Amino acid sequence: MMSFEGRGSLDSVNLDRQDYDYRSAMSGITLSGETHPLALSEEDLSSNEYEVHDDTYVHTQDNSSRNNTGVEIAVEPPSYADAVFTPYMGGREDMQETVGSSGPLSSRNGFLEYVTITVTDPQKEQENTASLVPGGNTYFTYLIITHTNLPEYGTNNSSVRRRFRDVVALADRLAEVFRGYFIPPRPDKSVVESQVMHKQEFIDQRRLSLEKYLRRLANHPDLRKSKELKFFLQCQGRFPLTASIDMSSRMLDGAAQLPRQLFGQSSVALPPQEISQPAKGGRDLVRLFKEMKQSFTNDWGSAKPLAFEEDKEFIEKKGKLQDLEHELNEASLQAESLVQAQLEDGEVMGELGLALIKLAKFEIEEALVSAQKVHALDARRIATAAVKASRFYREANAQSVKHLDHLHDYLSMMQAAHAAFSDRSNALLTLQTLLADLSSMNSRVEKLSAASSKVFGGDKSRNRRIEELKESVKITEEACELAQKEYDQIKARNRTEFQRFNSERQRDFFHMLKGFIHTQVGYAEKIAHVWKKVAEEARESLSKSPESYTTRSVAIS
Amino acid sequence: MSVSSSSHHSDHSYILNSPGAMASRQRSSLRGTSSLSPVAPDQQYLSISVTDPVKLGMGVQAYISYRVTTKTNMEDYRGVEKMVIRRYSDFAWLHERLSEKYKGIFIPPLPEKSAVEKFRFSAEFIEVRRRALDVFLHRIASHPQLRFSEDLRNFLQADEEIWAMERARSQEGTLFKKKPSDFMQIFKDVQSKVSDVVLGKEKPLEESNPDYEKLKHYILELEEHLGESQKQAFRVVKRHRGQALSEFGRAVKSLGDCEGGSLGKAFSGLGGRSEFLSYKLQNQAQDLLMNFEEPLKEYMRTVQSIKVVMGDRAQAFRQQQELSEATKLKEINLEKLRLVRPDRVAEAEIELREMRVQCDEATRRFEEIVKRMQKELVRFQEDKTHDLGLAFHDFAEGQAQLANDTADAWRTLLPDLESWSQVAENNGI
């Protein structure tokens, strides 16, 4: 079981009047009473913009807090979910895998936990706001049904309607909150595809990819318990998060801060937590510049490289992952083309069968000589076998697609790894920037103190500045501490996630190999059987033919 | 090579070594004569094989020569065994001679003349052609009438210089020596046009035989069906190249190297098997081509030769009609002359007699074609059923074999896979 640190910051988020914390067996450090700046705040929820029904939310809160204290949780066996499901992986066996595969599943009490999600029923809806395009903007929503026995979720079954934009928002928020984790990448926006493909096909594909994405999230031992996912799956009405692509407002934000920063005032105003978080887009232009400067310093080697030995390990791991990605990419491509080729093989065989059936029918109808009838039977025998074989090819192919999908899945998880490693680099950069800031501030204090002490009777203005600076130093020191903690947390997450990634990948790949090969064996045997029988019948028919070719060569008619 | 006996498609001989045959051979060698003595019909054999294609000449002039080996005890053949070197155009010559002399018989088809220079000499193409030429001669040798052809004898026996002379001579001949029927045809064409105008009646150009009509339709439709089947067979052959499998195998092996450990071994296993199966698939492709697609193609060509005979029959019918017309006219004229110009009567009578002979000749030719065609059709159906039945059988065998090999190859991987996955589980990561 992996030890799970660093969720403390989430634990203590004050979302509501009530203290909502997921005190699972794994909770770790708590920051004393401080709110995670990026978590959902009260304002978010109760803002007029969003039609959030606070009552429902409170209601579920109640449930959860009640459940939190109780230890006896009724475990619902997956059978009901099973019945409701359309398993895209095909079969109970795979469903078991979904359930069983999510790493450390058992709670402290050792019950098997599950979260199963279905995405169905796409529907067209109209946007309420006036738009430039007459007739309004239409978009699709999907019905998302969740069955779970996780205590954090409160209720066992939920169903909500969401649109793709909400998924994007969820993904973005998860990326902000769960730094250092290998977060499964969300489905693409693919604007081009939506225009190229027939609308229905596109919607189907999207539905499928959404389902896959949500299931992967639910598979992740930490993400599945996140409040962001929980809101997404349970919160009725409009999803209360916007995607963080609203650059304009962020730029404005940043621009507003800039004068204060330039005049050295804002660094007092910003709480340390914000400082210790990565510099976001427009909000923090000065900081962005500083960090860029720092990264240049780092890159150009004037700063000494981090001496921690674990970094060598990290670099090694990163390198290995890059190699793996390259190989996976190639294997994934070839798997695609193999699957395509086998599909076409089946089709061609089927068409041969059809042509021979037509030939057989023709000969039988036009038969003047008995030889023709025999010929027709011969042809038809082969034809039916060919058609049977072609059907088997198609079935085998469908199975293979499902198995080999694991290759594609893990290839896409590489993105998640990259993001997790970026989080680490960014956190390190932040830390280094703050440390640099701190040291420059301290040296300024020294200089000013030295200069001030030379003035007889004290230098009022300088002393004032020194006091101010000392305040800043204190805040920056706190920020450094937080940044250090954050960085350490992320490093730890990287490590455990990397391990989890490896062990899951290994398990999944073995499962894939076994499944794929079993499929190949099974269908090859079936196809062999079909042809064997036909070959025997053909041999019999040949031996019965009136005049074998050999005798003809000698006799003269 | 195919698993089963595709006897008539490979180059082998079906010698029936009866004691009589042996004895006669001995006799002839003792006597030292060049010609073989007559042998009882049921003990005759004529076995021909086409082998050893060799590329000769350079550049644009390059061509392939084949070794043609004959083993026989038939009379009129000099000696029991003979080997000569021939090229495609020689085979084409033989085909043309037979077509001219044996009207009504479905002359076994030749493989296509290839128009494209560059793929002319691919190994596959050469082998396909060699085989088709082998089948060509084999069919002639087993045809009750064609096997006695003098042109065939010359083709099989003439040494290089003599052969060159013979070909030159016959080419000359065809340029200048028009067959009497051709002459008559030209003459008659002119005359019939005149008589048409005079007599004002339509000339029936075609037979109005309902059975024959049915047959013509059958042949045309058969051509379509065979063509379609052959096209699909070709596509099946093409898909047996196994490229996707081998590239998949390569990529997976590479992935295995990267993964390392038990999982790496498992991937390598998968990759190795894939490459192996790709190789098996490619082997199967060659078999499929020779034993499944080629026979279908061959029967397509045979149908073409039937169409040629149908054309000959139509022409013979026309000639016969025209000559009988012309004869009638001559008869009418003769009666007129008796009354008007008695001095011309004798001449006219001679002409009429000659005309009658021609007419009978044309009738005989036509009827011979009709008779031959009937027999040939029965033979054709039986051969087709047998040959294609064999092809179908080979195809099924091949597919069964391939599927079995596939199942075996994958199955043998399973126990290893099981143990590797166990090891991996035990080790943790």
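The sequence lines fix the lettering, A, B, ..., with proteins before strands; numbering per chain opens at 1. Since this is a predicted model, take the numbers as computed values, not measurements. Side-chain atoms are counted along with the backbone in the values below, which use heavy atoms only and exclude waters and symmetry mates.
- Ion pairing of A/K358 with B/E228 is absent here, as no side-chain N (NZ or NE/NH1/NH2) approaches a carboxylate O to less than 4.0 Å.
- Here A/E327 is the residue among A/E330, A/K526, A/E327, A/E336 with the most heavy-atom pairs under 4.5 Å with chain B.
- Taking all atoms of both residues into account, the shortest heavy-atom contact from A/K532 to B/A400 is N-CB, 3.8 Å.
- Two residues are said to be in side-chain contact when any heavy atoms from C-beta on lie closer than 4.5 Å; A/L352 and B/F292 meet this criterion.
- Crowding of B/K216 atom NZ: a count of heavy atoms from other residues, nucleotides or ligands under 6.0 Å exceeding 12.
- Comparing B/K231, B/K214, B/E418, B/H240 by heavy-atom pairs within less than 4.5 Å of chain A, the highest count is held by B/E418.
- If you tally non-hydrogen atom pairs under 4.5 Å between each of A/L377, A/V534, A/V521 and chain B, the highest count goes to A/V521.
- The CG atom of A/D378 sits 10.5 Å away from atom NE2 of B/H393, with the distance rounded to the nearest 0.5 Å.
- Proximity to chain B is limited to the side chain of A/L407, based on heavy atoms less than 4.5 angstrom apart.
- Taking the charged nitrogens against the carboxylate oxygens, B/E259 and A/R505 do have a contact shorter than 4.0 Å, which makes a salt bridge.
- To the nearest 0.5 Å, the span separating SG on B/C258 from CG on A/D323 amounts to 5.0 Å.
- The most heavy-atom pairs under 4.5 Å with chain A, out of B/N404, B/L263, B/V378, B/D405, come from B/L263.
- Side-chain contact between B/W420 and A/L513: absent, with no pair of heavy atoms (C-beta onward) separated by less than 4.5 Å.
- Residue with the most contacts toward chain B among A/E351, A/H518, A/E366: A/E351 (heavy-atom pairs, distance under 4.5 Å).
- A salt bridge links A/E363 with B/K384: the distance from a Lys NZ or Arg NE/NH1/NH2 to an Asp or Glu carboxylate oxygen falls below 4.0 Å.
- No part of B/R273 comes within reach of chain A, as not one of its non-hydrogen atoms sits under 4.5 angstrom from that chain.
- Within the 4.5 angstrom heavy-atom criterion, no atom of A/A385 approaches chain B.
- Interface remark: A/L328 contributes backbone and side-chain atoms alike to the contact with chain B (heavy atom separation under 4.5 Å).
- Side-chain contact check for A/L404 versus B/F248: some heavy-atom pair is nearer than 4.5 Å.
- With sequence neighbours left out, A/H408 forms a ring pair (Phe, Tyr, Trp, His ring centres under 6.0 Å) with no residue at all.
- Using a 4.5 Å heavy-atom threshold, the side chains of A/T519 and B/W410 count as separate.
- Interface residue B/L413: only side-chain heavy atoms are found under 4.5 Å from chain A.
- Between the NE2 atom in B/H386 and the NE2 atom in A/H375 there is a gap of 13.5 Å [rounded to 0.5 Å].
- Crowding of B/Q243 atom CD: a count of heavy atoms from other residues, nucleotides or ligands under 6.0 Å not exceeding 12.
- Chain A forms the most heavy-atom pairs under 4.5 Å with one residue out of B/L245, B/V252, B/L215, and that residue is B/L245.
- For B/L377, no part lies near chain A; criterion is any non-hydrogen pair under 4.5 Å.
- When each of A/G353, A/A379, A/A538, A/A524 is scored by its heavy-atom pairs under 4.5 Å with chain B, the top score falls to A/A524.
- Relative ring orientation between B/F267 and A/F509 is described as perpendicular, the plane-to-plane angle rising above 60° on a 0-90° scale split at 30° and 60°.
- Once rounded to the nearest 0.5 Å, the distance linking CG of A/L542 with CZ of B/F392 reads 11.0 Å.
- The minimum heavy-atom distance linking B/A251 with A/A331 is given by the pair CB-CA, 3.9 Å.
- Residues B/F395 and A/W531 place their aromatic rings such that the two centres sit under 6.0 Å apart.
- The shortest non-hydrogen separation linking A/F510 to B/A424 is CE1-CB, 3.5 Å.
- Looking at A/V369, only its side chain comes within 4.5 Å of chain B, counting heavy atoms on both sides.
- The shortest distance between side-chain heavy atoms of B/T406 and A/Q520 does not fall below 4.5 Å.
- No more than 12 heavy-atom neighbours from other residues, nucleotides or ligands sit within 6.0 angstrom of CZ on B/F234.
- Listed by chain and residue number, nothing satisfies the ring pair (Phe, Tyr, Trp, His ring centres under 6.0 Å) test with A/Y523 (two or more places apart in sequence, or in another chain).
- There is no contact between B/S274 and chain A, counting heavy-atom distances below 4.5 Å.
- Using the six-membered ring where Trp is involved, A/F362 and B/Y218 have ring planes that are parallel, under 30° apart on the 30 and 60° scheme.
- Two residues are said to be in side-chain contact when any heavy atoms from C-beta on lie closer than 4.5 Å; A/M349 and B/Q399 meet this criterion.
- Counting only heavy atoms from C-beta outward, the side chains of A/Q506 and B/E425 never approach each other to under 4.5 Å.
- Comparing A/L368, A/I382, A/I527 by heavy-atom pairs within less than 4.5 Å of chain B, the highest count is held by A/I382.
- Shown here is A/K317, whose NZ atom has more than 12 heavy atoms of other residues, nucleotides or ligands within 6.0 Å.
- Between A/E525 and B/A407 the shortest heavy-atom distance is CG-CB, 3.8 Å.
- Of the possible donor and acceptor atoms, one in the side chain of B/T385 sits under 3.5 Å from a partner among the backbone N and O of A/A371.
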